[in-house]
Structure formats: structure tokens, C-alpha cells
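Notes follow once the structure below has been shown.
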2 protein chains.
Amino acid sequence: MLSSIIFYSLDKAIRQYRKMAQANIDRAGIAITIDQWLVLRVIQEHDDLTQTDIAERVFKDQASVARMISLMLKSGLLAAEPLPHDGRRNRLRVSEKGLRTLDAVQPVVLSNRQVALEGLSEADLAVMRPLLERIYSNCLAGAEPTPEPIQNRTALNATTQPQ
Amino acid sequence: MLSSIIFYSLDKAIRQYRKMAQANIDRAGIAITIDQWLVLRVIQEHDDLTQTDIAERVFKDQASVARMISLMLKSGLLAAEPLPHDGRRNRLRVSEKGLRTLDAVQPVVLSNRQVALEGLSEADLAVMRPLLERIYSNCLAGAEPTPEPIQNRTALNATTQPQ
DNA sequence: TAAAGATGTATGATATATCATTGAAGTTGC
DNA sequence: GCAACTTCAATGATATATCATACATCTTTA
């Protein structure tokens, strides 16, 4: 039974939460995705992070963050200016529009959390948090190296893969 | 603090689990994604579902499932034959290759779960499950209808969106 | 300081996610 | 038996996820 598998329940809960959260943001007439919102928040709080730093904090991939930032620059939520001491980077700032958007989203986000957690006590969350953290750290360590020395990773993507 | 928000922990845990799970499947030399695996399992157990049915069971979108099925037909994990009594549909079957793949994946999946849940008791899971279900059902109900009668959804995607 | 190495960003390729729409094919109501 | 409705699958558009690579730019080291 799928429902007995905890990862299925986890996935289901977080997906539905994201769906509800985005729907309520949309309904409020605010043009931002929840993922973008998270990145914007991080940039607001620390304006001298690399994309890799940001990615780590929001638990996303550097490539994803790069694309999100590029979209947010295009949509005007972010502004960039070159960093004098490092030619590879830009300093990212939340724009005026970005600030207004963050303000507008804030109450929606709080309300979303409240709705999602209705009927759960602080004690419930206190129980759940360390369990989730434990799963996380287990999985962090759990990509065990194979006994075989050399792995043919390329073959995995070949369409002629034997199985 | 992001870490105090339960949804962040949830997201982090499930993401890392998926990452580990896929890495271990890759490492075993098996050419399937965990999402495809889930769909394949459902089709194996019920060979007369519509894509919408399948989507519901794996908690995905019909459009996603349609694309996954199309990929799995291409890669040979699935086979399709037209259904005589309904010209819109095909009967989907797990192919020989699909069966072999499922067999190969099974032990990896079990091992992944074991690794991920190390240090968690059955009691822990029994506590967590209903909480997750509660979050899910809260969120299912939580996309509250707006008081305003008409919503201009199109405007949300416009680049000229005022904020 | 030149070469080697590390870091930061961008991007290609592919898979999934979501919403919306289309068009074909069933079903219902009359 | 036809019109209206519903269902099913496919697909366009856009966003995210992941891996890999490319390229520029720093940093170290010999």
C-alpha cells in the first residue's frame, strides 16, 4: 500500500502545501512563485551571497538558482550591479518592486502556514522536526559508494541501455 | 530562521531522499527515474487505469503522467495496445524489460528506505503519518475561494504585472 | 609570475510540474 | 439520433530539478 510508505505521505503533504500556497499567492494577485519568493527572501537578508550560497540555503541546485535569478532580473524583482572585486559576480539586491512584492506576500505566507498546520500543536511540530532532520542526514550519508572502482555513468543515459 | 519552518524541513528531507534514491538506482546501473518507477508500479498492479487515475495514485498531474508514459513507451519499459471499447485510450502493460527493471530496482528501493529511516522507530512513523495526512487535508481544503466574484488570472502571467 | 587549481556563473540536455487548451471520443438527455 | 456535456490524452508555455560542461575569473603554488 502506497499510503503506508512514509515518503509517499511526505511527498503528498509537501506537494499539496506548495499547490495551496501558490494558489493563494496567485489569487492575491501577486506575481511570484513560492520558489522565487524563497530566493528573494534570502537575498534580502544577505546581499553578498554567491549563487551557490543561495542555492545551499534554499536547498536547491546552483543551476536552478541561476535560472531563477535570471527570471527575477527579467521580471524586475531583483536588480544587479557588477561587483568591483570579483568580475565573475554581480551584487544582487531586491528591487523596489521586489520589496513591495515581499510585503504583499508576507501575510499570504503566514496565512498559508496557519491553514496548513491547523490542528497540529507546537508539540507535534517539535516531534516531527528532528525526525525529518534525521531522515535528511541519513539520506545525506546514504548515497553509499559502490565497491566497484569505476562506474560507467554515461551508459545510464544511453537509449540502448541493456535494461 | 528557515530551519524552524516545518515545511522547509519537510522539503529538505524529501528532496534529499529523492536525491539519494536516484543516485543509488543510477549506481546500480538501472535506467529508470524514481518517478517513472512509481508509475510503472501502479501500471503493473492495475492495467486498466486512465492516465488521470494513474496521476491521482502517484499524486502527480495528468500532464506529467502523459509525458512520463510517452517516455517510458519510447524507452521500452511500457507497451501499449489500443483499447477496443474506447478509442481515446490505450491499454498499458509493463513490458518484459519493464518487469526486469522493476525486479532490479526492488532491492535498491528497500535498501534506500532502510537507510533513510535508520534510527527512526515504527512508533516515530506512526506519529508522523497522521500529522502529514492532516497537513495534506488542511491544504486540500485551504485554497479558499475569494470573496471577489471574478478573478483576472491571465494578468498574473503578464510581464507588466504592477507588482 | 606563470601554470595549476579552485570558484562563480551560465547554459545544454533531459525530466518533471503546472495550468491551460485542443481535439477526439464517449455519454446523456431530450 | 443529435446536441450538449463529459472524459481522455496530447501538447504548448513556462518554471523548476539535475547533471554535466564551458568559460571566465580568482587564488595558490612552485
Side-chain angles (χ1 to χ4, degrees), chain A residues 11 14-16 18-23 25-27 31-39 48-56 58-75 77 80 82-92 143 151 153-154 156-159, chain B residues 11 14-16 18-23 25-27 31-39 48-56 58-75 77 80 82-92 143 151 153-154 156-159:
Chain A
D11 198 55
I14 194 72
R15 266 175 212 262
Q16 192 62 37
R18 291 172 67 88
K19 204 178 283 191
M20 175 200 69
Q22 189 63 59
I25 290 172
D26 288 355
R27 193 179 353 260
I32 195 172
T33 69
I34 41 179
D35 295 296
Q36 290 178 355
W37 169 75
L38 195 55
V39 169
D48 193 30
L49 297 177
T50 66
Q51 291 188 358
T52 310
D53 292 335
I54 297 171
E56 249 170 55
V58 301
F59 207 72
K60 288 176 185 299
D61 198 79
Q62 177 265 326
S64 298
V65 168
R67 276 154 179 143
M68 289 170 68
I69 286 174
S70 147
L71 278 176
M72 287 193 282
L73 287 171
K74 207 166 298 175
S75 74
L77 296 172
L83 267 185
H85 65 281
D86 192 334
R88 296 165 299 183
R89 301 179 46 195
N90 275 16
R91 195 173 87 97
L92 294 171
Q151 282 300 317
R153 276 201 112 273
T154 351
L156 292 178
N157 299 323
T159 56
Chain B
D11 198 54
I14 193 73
R15 265 177 214 261
Q16 194 60 38
R18 291 171 67 88
K19 206 179 281 191
M20 176 201 69
Q22 189 65 58
I25 288 173
D26 288 355
R27 193 179 353 261
I32 194 171
T33 69
I34 41 178
D35 295 297
Q36 290 178 355
W37 169 76
L38 196 55
V39 168
D48 193 30
L49 297 177
T50 66
Q51 291 188 357
T52 309
D53 291 336
I54 297 171
E56 251 171 54
V58 300
F59 208 73
K60 288 174 186 298
D61 198 81
Q62 177 264 326
S64 299
V65 168
R67 276 152 180 143
M68 290 171 66
I69 286 174
S70 145
L71 279 176
M72 286 193 280
L73 287 171
K74 208 166 296 176
S75 74
L77 296 172
L83 267 186
H85 66 281
D86 192 335
R88 295 165 300 183
R89 302 178 45 196
N90 275 15
R91 196 173 87 97
L92 295 172
Q151 281 301 315
R153 273 199 116 274
T154 352
L156 292 177
N157 299 323
T159 56

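Below, read A as the first sequence line, B as the second, and so on, with proteins coming before strands; counting in each chain starts at 1. Because the structure is predicted, anything quoted here is derived from the model rather than measured.
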Query raised in the report: Do Arg67(B) side-chain and dG12(D) base share a donor-acceptor contact under 3.5 Å?
Result: yes
Query raised in the report: Is there a donor and acceptor pair closer than 3.5 Å between the side chain of Gln62(A) and the base of dA10(C)?
Result: yes
Query raised in the report: Counting just side-chain N and O atoms, does Lys60(B) come under 4.0 Å of either OP1 or OP2 of dT16(C)?
Result: no
Requested in this report: Look at the side chain of Asp61(B) and decide which nucleotide, out of dA20(D), dT18(C), dT16(C), has an atom nearest to it.
Outcome: dT18(C)
Query raised in the report: Under the side-chain hydrogen bond (donor to acceptor under 3.5 Å, both in side chains) test, which residues partner Gln22(B), sequence neighbours left out?
Result: Asp26(B)
Report task. Report the distance from atom CG of Leu83(A) to atom C1' of dT9(C), rounded to the nearest whole Å. Result -> 13 Å
Query raised in the report: Between Met72(B) (CE) and dT14(C) (P), how many Å, whole number?
Result: 18 Å
Requested in this report: Using atom CD of Gln16(B) as one end and atom C1' of dA17(D) as the other, report the distance to the nearest whole Å.
Outcome: 13 Å
Query raised in the report: How long is the gap from CD1 on Ile54(A) to CG on Leu38(A), to the nearest 0.5 Å?
Result: 10.5 Å
Query - Closest contact, heavy atoms only, Ala21(B) versus Ile34(B) - result: CB-CG2, 4.0 Å
**Report entry** Sugar-phosphate only, base, or nothing, as touched by Arg15(A) at under 4.0 Å among non-hydrogen atoms
**Finding:** sugar-phosphate
Requested in this report: Answer with base, sugar-phosphate or nothing: what part of the nucleic acid does Asp35(B) contact at a heavy-atom distance below 4.0 Å?
Outcome: sugar-phosphate
Query raised in the report: Does anything in residues 60-70 of chain A pair up under salt bridge (charged side-chain N to carboxylate O under 4.0 Å, His left out), and if so which pairs, sequence neighbours excluded?
Result: Asp35(A)-Lys60(A)
Requested in this report: Classify the nucleic acid contact of Gln22(A) as base, sugar-phosphate or nothing, counting any heavy atom under 4.0 Å across all strands shown.
Outcome: nothing
Query - For Thr33(B), all residues meeting side-chain hydrogen bond (donor to acceptor under 3.5 Å, both in side chains), sequence neighbours excluded - result: none
Query raised in the report: Taking CZ from Arg91(A) and C1' from dG8(C), how many angstroms apart are they, rounded to a whole number?
Result: 18 Å
Query raised in the report: Gly87(A) or Phe59(A): which one's nearest nucleotide on DNA chain D is closer to the 5' end?
Result: Phe59(A)
Report task. Hey, which sits more toward the 5' end of DNA chain D by its nearest nucleotide, Ser70(B) or Val65(A)? Result -> Ser70(B)
Is there any protein nitrogen or oxygen under 3.5 Å from a nitrogen or oxygen in nucleotides 2-8 of chain D, and what are the pairs?
unit_1, atom_1, unit_2, atom_2, d
dT7(D), O2, Arg88(B), NH1, 2.3

Query raised in the report: Heavy atoms under 4.0 Å, any strand shown: does Ser64(A) hit a base, just sugar-phosphate, or nothing?
Result: base
Report task. Quick one: list whatever passes side-chain contact (heavy atoms from CB on, under 4.5 Å) with Arg88(A), sequence neighbours left out. Result -> Asp86(A)
**Report entry** Length of the CD1-P vector between Ile25(B) and dA15(C), whole Å
**Finding:** 15 Å
Query raised in the report: Does dT16(D) have OP1 or OP2 sitting under 4.0 Å from an N or O in the side chain of Gln36(A)?
Result: yes
Query raised in the report: So what does Leu71(B) hit on the nucleic acid, given a heavy-atom distance under 4.0 Å: a base, only sugar-phosphate, or nothing?
Result: sugar-phosphate
Query - Integer-rounded Å distance: dT16(D) C1' and Lys19(A) NZ - result: 16 Å
Report summary line: Taken to the nearest whole Å, CD1/Ile32(B) to C1'/dT16(C) is 14 Å
Report task. Measure from NZ on Lys74(A) to C1' on dA13(D) and round the result to the nearest Å. Result -> 14 Å
Query raised in the report: Which residues pass the side-chain contact (heavy atoms from CB on, under 4.5 Å) test with Leu71(A), sequence neighbours left out?
Result: Gln36(A)
Query raised in the report: Between the base of dT16(D) and the side chain of Arg18(A), is there a donor-acceptor distance below 3.5 Å?
Result: no
Query raised in the report: Going from CG on Leu92(B) to CG on Leu73(B), what distance comes out if it is rounded to the nearest 0.5 angstrom?
Result: 6.5 Å
Report summary line: 5'-most contact on DNA chain C (nearest-nucleotide basis), Leu49(A) vs Thr33(B), goes to Leu49(A)
